[in-house]
Structure formats: C-alpha cells, structure tokens
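The first residue in the sequence is number 1, and the count goes up from there. Fair warning: this is a prediction, and the values are worked out from it, not measured in the lab. Values reported hereafter were calculated over all heavy atoms of this structure, with side chains retained and with hydrogens, waters and symmetry mates removed.
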Amino acid sequence: MPTPEPTTDLDPRYSSALHPRPGAENATPTPWPEAQRHIEDAEIFWVSTVRPDGRLHVTPVIAAWHDGVLYFSTGPEEQKAKNLAQNAHCALTTGRNSLTEGLDLIVEGMAEPVTDPAKVEEVIAAYEAKYGAHITSPEGTFRGIGDAFRTGRAVVFAVEPDTAYGFGREGGLFTHTRWAF
C-alpha cells in the first residue's frame, strides 16, 4: 500500500530561497518520494522520547519503513519503552553527518505498540529484507530479533507520521521541507 502523499511546504526562513547566493532562486522542497527512499535506506535512527519528568531521552535504534509506517523496537524495561507508556509522542531522526551534502530527516508521530501477530510477522519480514544477514545470520548483530518480537522480549512500535521534516544540503543550496500527513 503506497504512503499517501502529504502536503509539502518549503520553509524559506531556513532555506536558500531567503539567503541570496547563486542558485538560491532554485530552492525547492524535497519531494516526499525522495524523502521516503532515504527513510527506507537509512540503517540507524535516533528515537527521541519524553521522560515522565519532561526531560528528553534520545537513543539509537534500527527501524524499518513498511506500508507508510516506521517500525522500531526496544526491550519492555528500557527507558524508551517506559517513556512511551506514559507519552506516546516521539521523533525518529536520521541523515548525514555533513555540513555540505545530504538530507537529514525527522519523522514525528505517536508510537503505538504492535500486538497483532500477523503485523508482527510483516515487520519481521521488513527488518529481514532491510538488514539481511545482520538479522538472519547466526553471526548477525541482531540475530534472534524476530523471535524477540514474537515472544514479547522486544516491544515493536509503529510510528505513522504526523509530520516530517527534511533538511537538505547540496552544493551550497539548503532546503527545509515540511510534510504534513
């Protein structure tokens, strides 16, 4: 099922369209299909949650995009699971560590636990397709994750985007795109 096209806006306050330089007049929003490809290809995300006392908690996770939803997991006793039990709002961030090239992405939404066994199997298949031997090989870093999903040793969360942001940098041209779903 394709992801519905969100509304797309270029924020000129943070894009080259506001700052005169060669090519600035050509600043355009990043198309959602391009952003989605980056989300699908990204290996590491940083999930941000809110502790009960309001402090932020940020930690790296692996995640898979499937049917317009971003899935990640954590142990039921880990801080992010505890935070999400109190406040399901979260953001997942990925991108490049470069000043002059790449696209950084932020996906915001509500993290909902996935409990339907058929959906869990779909998520396992998405993880295996994306991470391959990291999950399927006996030597893989995340071997056994599918069984952890099935048995509840890991909680699988689904984040359907409410809003996403893209910060592009290419050849001195900077863009700030907002997608609303």
Side-chain angles (χ1 to χ4, degrees), residues 1-8 30-52 56-95 103-166 177-181:
M1 178 170 66
T3 304
E5 277 293 313
T7 60
T8 302
T30 302
W32 175 246
E34 180 182 337
Q36 188 174 313
R37 279 191 303 278
H38 283 272
I39 292 169
E40 290 168 352
D41 293 343
E43 293 182 344
I44 299 292
F45 291 81
W46 291 86
V47 62
S48 300
T49 60
V50 181
R51 297 172 190 263
L56 293 176
H57 179 260
V58 182
T59 186
V61 295
I62 61 173
W65 181 261
H66 176 66
D67 286 345
V69 177
L70 193 54
Y71 294 91
F72 72 95
S73 67
T74 187
E77 297 302 318
E78 291 188 34
Q79 187 64 52
K80 56 189 161 293
K82 292 176 183 178
N83 295 345
L84 292 169
Q86 298 294 315
N87 181 347
H89 289 95
C90 71
L92 287 115
T93 307
T94 192
L103 180 64
D104 296 329
L105 294 159
I106 302 165
V107 174
E108 296 180 345
M110 304 285 280
E112 300 294 333
V114 177
T115 57
D116 175 50
K119 183 55 76 175
V120 168
E121 291 302 322
E122 288 181 31
V123 174
I124 292 167
Y127 266 71
E128 289 176 349
K130 180 174 184 176
Y131 294 100
H134 292 291
I135 290 175
T136 59
S137 168
E139 297 82 32
T141 305
F142 299 104
R143 71 182 175 279
I145 198 169
D147 287 336
F149 289 2
R150 287 181 191 102
T151 62
R153 290 191 325 268
V155 180
V156 178
F157 288 97
V159 178
E160 187 171 340
D162 292 329
T163 308
Y165 299 92
T177 304
R178 178 182 186 271
W179 300 278
F181 295 82

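- Between T74 and V61, the closest side-chain pair of non-hydrogen atoms is not below 4.5 Å.
- Among T30, T163, T7, the single residue meeting the side-chain contact (heavy atoms from CB on, under 4.5 Å) criterion with W179 is T30.
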Steps toward side chain to side chain contact (heavy atoms under 4.5 Å, CB included) verdict (D67, E122): CA-CA 10 Å; D67 286 345; E122 288 181 31; 4.0 Å; yes
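- Nearest heavy-atom pair across A111 and P113 is O-CD, 4.0 Å.
- Counting heavy-atom neighbours within 6.0 Å of H89 NE2, excluding the residue itself, gives a total of 12 or less.
- Under the 4.5 Å side-chain criterion, counting only non-hydrogen atoms from C-beta, V159 is not in contact with V69.
- Nearest heavy atoms, R143 versus G140: NH1-O, 3.0 Å.
- Not less than 6.0 angstrom separates the ring centroid of W65 from the ring centroid of F45.
- If you take CG on L103 and NE2 on H38, they are separated by 5.0 Å, rounding to the nearest 0.5 Å.
- Note: T94 OG1 to D104 CG = 8.0 Å, rounded to the nearest 0.5 Å.
- Between A81 and F157, the shortest heavy-atom contact is CA-CZ, 4.4 Å.
- The NE2 atom of H134 lies 12.0 Å from the CD1 atom of I145; values are rounded to the nearest 0.5 Å.
- Heavy atoms of other residues, nucleotides or ligands lying less than 6.0 angstrom from CD of E128 number more than 12.
- For the pair E121/R150, a side-chain contact is recorded, criterion being any heavy-atom separation below 4.5 Å from C-beta on.
- The nearest pair of heavy atoms linking N83 to P52 is OD1-CD, 3.7 Å.
- Between S73 and V155 there is no side-chain heavy-atom pair separated by less than 4.5 Å.
- At least one side-chain heavy atom of E5 sits less than 4.5 Å from a side-chain heavy atom of P33.
- The two residues A158 and Y71 come nearest to each other via the heavy atoms CB-CE2, 3.4 Å.
- One finds the CZ atom of R37 at 11.5 Å from the CH2 atom of W32 (value rounded to the nearest 0.5 Å).
- Summarising the geometry, atom OG1 belonging to T49 is positioned 10.0 Å from atom CG belonging to L92; distances are rounded to the nearest 0.5 Å.
- Panel note: side chain Y127, backbone I62; a donor-acceptor pair is recorded below 3.5 Å.
- Considering only residues two or more places apart in sequence or on other chains, A126 meets the side-chain contact (heavy atoms from CB on, under 4.5 Å) condition with A64, H66.
- Looking only at side-chain heavy atoms (C-beta outward), E40 and Q36 come within less than 4.5 Å of each other.
- A donor-acceptor pair under 3.5 Å is formed between the side chain of K130 and the backbone N or O of A42.
- Under the 4.5 Å side-chain criterion, counting only non-hydrogen atoms from C-beta, I106 is in contact with T93.
- Atom CG of L84 and atom CD of Q79 lie 10.0 Å apart (nearest 0.5 Å).
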Residue pair K82, E77: steps toward the side chain to side chain contact (heavy atoms under 4.5 Å, CB included) verdict: CA-CA 7 Å; K82 292 176 183 178; E77 297 302 318; 3.9 Å; yes
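- A donor-acceptor pair under 3.5 Å links the side-chain atoms of Y131 to the main chain of A63, judged by distance alone.
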